[in-house]
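Step one of this worksheet: look at the structure below.
For ligands, and for the atoms within them, numbers begin at 1 and follow the listed sequence. All heavy atoms count here, side chains included; hydrogens, waters and symmetry mates do not.
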Amino acid sequence: MKKLLVLTGGGDCPGLNAVIRGVVKRASLTKEWEVWGSLEAYNGVLSDKVEIIKLSGTSVTAGIHAKGGTILRTTTKGGPFNWPVIQADGSWASEDRSDFLLSRLAELGFEAVISIGGDGSQKISQQLFEKGLNVVGVPKTIDNDLSATDYTFGFQTAVQEASNAVDKLVTTAESHHRAMILEVMGRSAGWIALHSAIAGGAEVCLIPEIPYDIDKVVERVNSRYCDGRGFVNIVIAEGAAAVGGQVSAQESTEVGYENVRLGGVGNLLARQLQDNGCTADSRVTVLGHLQRGGSPTAFDRVLATQYGVKAFEMVLAKEFGRMVAYKNNDIVTVSLDEATRDYNYVNTDSYLVQAARGVGISFGD
Ligand code: F6P
């Protein structure tokens, strides 16, 4: 039997299990491939004690396609090119363990790897491909920030969760005559904020791609507040910032975690509104990881299943160094190089942004 390794890396996202199930079920039809899973991305292979599990047909039954999270667990720390090593003084430094990874994969007899991950994971896959690894990528992230695919799975689920939150905040905003601020995820791209602001009928949407002018935000809030409606809903992406301002973030103290930890912009905005003549009282809700947990929507299950099946078929066809993608309602493949070249920012000239403006949403510009 030939051996294939599957892993999930980066932040989790609804639909990961549906991809794993798609790979395993499709592979089982060939009766020539064994599928194994590495626990916590490549860490299962890189750790002193190898942690890989065999994925048989039965390990992916019991409806795992409908479950959130990942049966293979995941991590946002470390990786083959940045393995964290604790120093004598207690600090940590990164070590390149990619050569060790490749030799261990060969030792374990793996002929190919399917790596399910976001922008960072796909960049790692590209680097490993350049070093000779037979790797296929599957795009995941709730942020929808990979440009080579129209949608990453998990995004629709996150948007649904955020839209449900706006719907709930509308009713309490109305009861109390308040400005409700909802902070959603979106590190550098405001896709979740934009979609949920339109779906939920918010009046203000603040995204990383459009630095906001607080006076313009106050103007929109006050006009809406004073026009007899008496309540306002604002959706703000965690990576949004005022013109000339910084993103709200803190350095992480977690060993191996290289990102800054975003958060706090909702509360900052509430203070800015108060200090700049906003007449409405405000309250802040941070939706946080509720956007990442739980069951995927039907759309994400279907997309993730197609990705899983296609990724395995790419292994069969030896289409390595490529990523499965969803383009114009079809499943296609793109090179990992192309997939990681451009970041998928919200196009501020797009019809989506125009439509948002058309229903009176202010971006604070
Ligand atoms: O990249 C996806 C994402 O959900 C970002 O929007 C967010 O900033 C980040 O993950 C949070 O990561 P963590 O779970 O590591 O705090």
Side-chain angles (χ1 to χ4, degrees), residues 8-16 19 40-43 68-70 72-79 82 84 92 115-125 137-149 151-163 165 182-197 205-209 235-241 246-269 285-294 296-297 300 304 323 339-340 342-346:
T8 51
D12 70 351
C13 157
L16 288 167
V19 180
E40 293 188 16
Y42 285 107
N43 294 6
T70 158
L72 296 177
R73 307 204 300 260
T74 187
T75 182
T76 44
K77 298 173 193 170
N82 285 305
W92 63 274
S115 173
I116 310 165
D119 188 51
S121 305
Q122 303 306 334
K123 283 184 176 142
I124 291 173
S125 291
V138 178
K140 75 82 231 187
T141 162
I142 62 164
D143 287 359
N144 201 39
D145 55 6
L146 278 150
S147 62
T149 183
Y151 292 112
T152 51
F153 66 86
F155 169 65
Q156 294 277 354
T157 307
V159 167
Q160 192 59 54
E161 193 66 28
S163 304
L182 176 67
E183 180 181 316
V184 298
M185 282 187 173
R187 182 163 281 272
S188 309
W191 291 108
I192 298 175
L194 176 58
H195 280 248
S196 60
C205 175
L206 304 177
I207 59 176
E209 292 85 346
V235 181
I236 184 165
E238 60 181 356
Q246 302 285 319
V247 290
S248 302
Q250 46 177 314
E251 290 297 325
S252 172
T253 51
E254 296 169 31
V255 173
Y257 191 88
E258 292 178 331
N259 281 331
V260 287
R261 284 182 62 182
L262 296 188
V265 74
N267 283 308
L268 174 67
L269 178 66
T285 302
V286 181
L287 199 54
H289 291 74
L290 289 174
Q291 293 156 97
R292 291 224 313 241
T297 58
D300 279 336
M323 185 186 85
T340 51
D342 299 317
Y343 191 83
N344 188 26
Y345 292 106
V346 169

> Does Q291 have a non-hydrogen atom less than 4.0 Å from ligand 1?
Replying inline: no
>> Could you report the tightest heavy-atom contact between W191 and Y345, atom names first, then the distance?
In response: CZ2-O, 3.5 Å
> What's the shortest distance from atom 14 (O) of ligand 1 to any protein heavy atom, and which residue and atom give it?
Replying inline: H289 NE2, 2.7 Å
> Under 4.5 Å between any side-chain heavy atoms of L269 and L206, yes or no?
Replying inline: yes
>> Taking only non-hydrogen atoms of G186, do any sit less than 4.0 angstrom from ligand 1?
In response: yes
>> Counting non-hydrogen protein atoms only, what is the nearest one to atom 15 (O) of ligand 1? Give residue, atom name and distance.
In response: Y257 OH, 2.9 Å
> Mind checking whether E183 and I236 have side chains closer than 4.5 Å, heavy atoms only?
Replying inline: yes
> Do E238 and L287 come close enough that some side-chain heavy atom pair is under 4.5 Å?
Replying inline: no
>> I'd like to know if E238 contacts ligand 1, where contact means a heavy-atom distance under 4.0 Å to any ligand atom.
In response: yes
> Which of these passes side-chain contact (heavy atoms from CB on, under 4.5 Å) with L146: N344, D342, D119?
Replying inline: D119
>> For atom 2 (C) of ligand 1, what's the nearest protein heavy-atom neighbour? Residue, atom name and distance, please.
In response: D143 OD2, 3.5 Å
> By number and element, which atoms of ligand 1 are closer than 4.0 Å to a non-hydrogen atom of R187?
Replying inline: 6 (O), 8 (O)
> Can you tell me which residue and heavy atom of the protein come closest to atom 4 (O) of ligand 1, and the distance to 0.1 Å?
Replying inline: M185 SD, 2.9 Å
> So which heavy atom on V184 is nearest to which on Q291, and how close?
Replying inline: CB-OE1, 3.3 Å
> How does I142 reach ligand 1, by side chain, by backbone, by both or by neither, if only non-hydrogen atoms under 4.0 Å count?
Replying inline: side chain
> Who's closest to atom 11 (C) of ligand 1 heavy-atom-wise, of K140, R261, K77, R292?
Replying inline: R292
> Hey, are the side chains of S188 and Y343 touching, using non-hydrogen atoms and a 4.5 Å cut-off?
Replying inline: yes
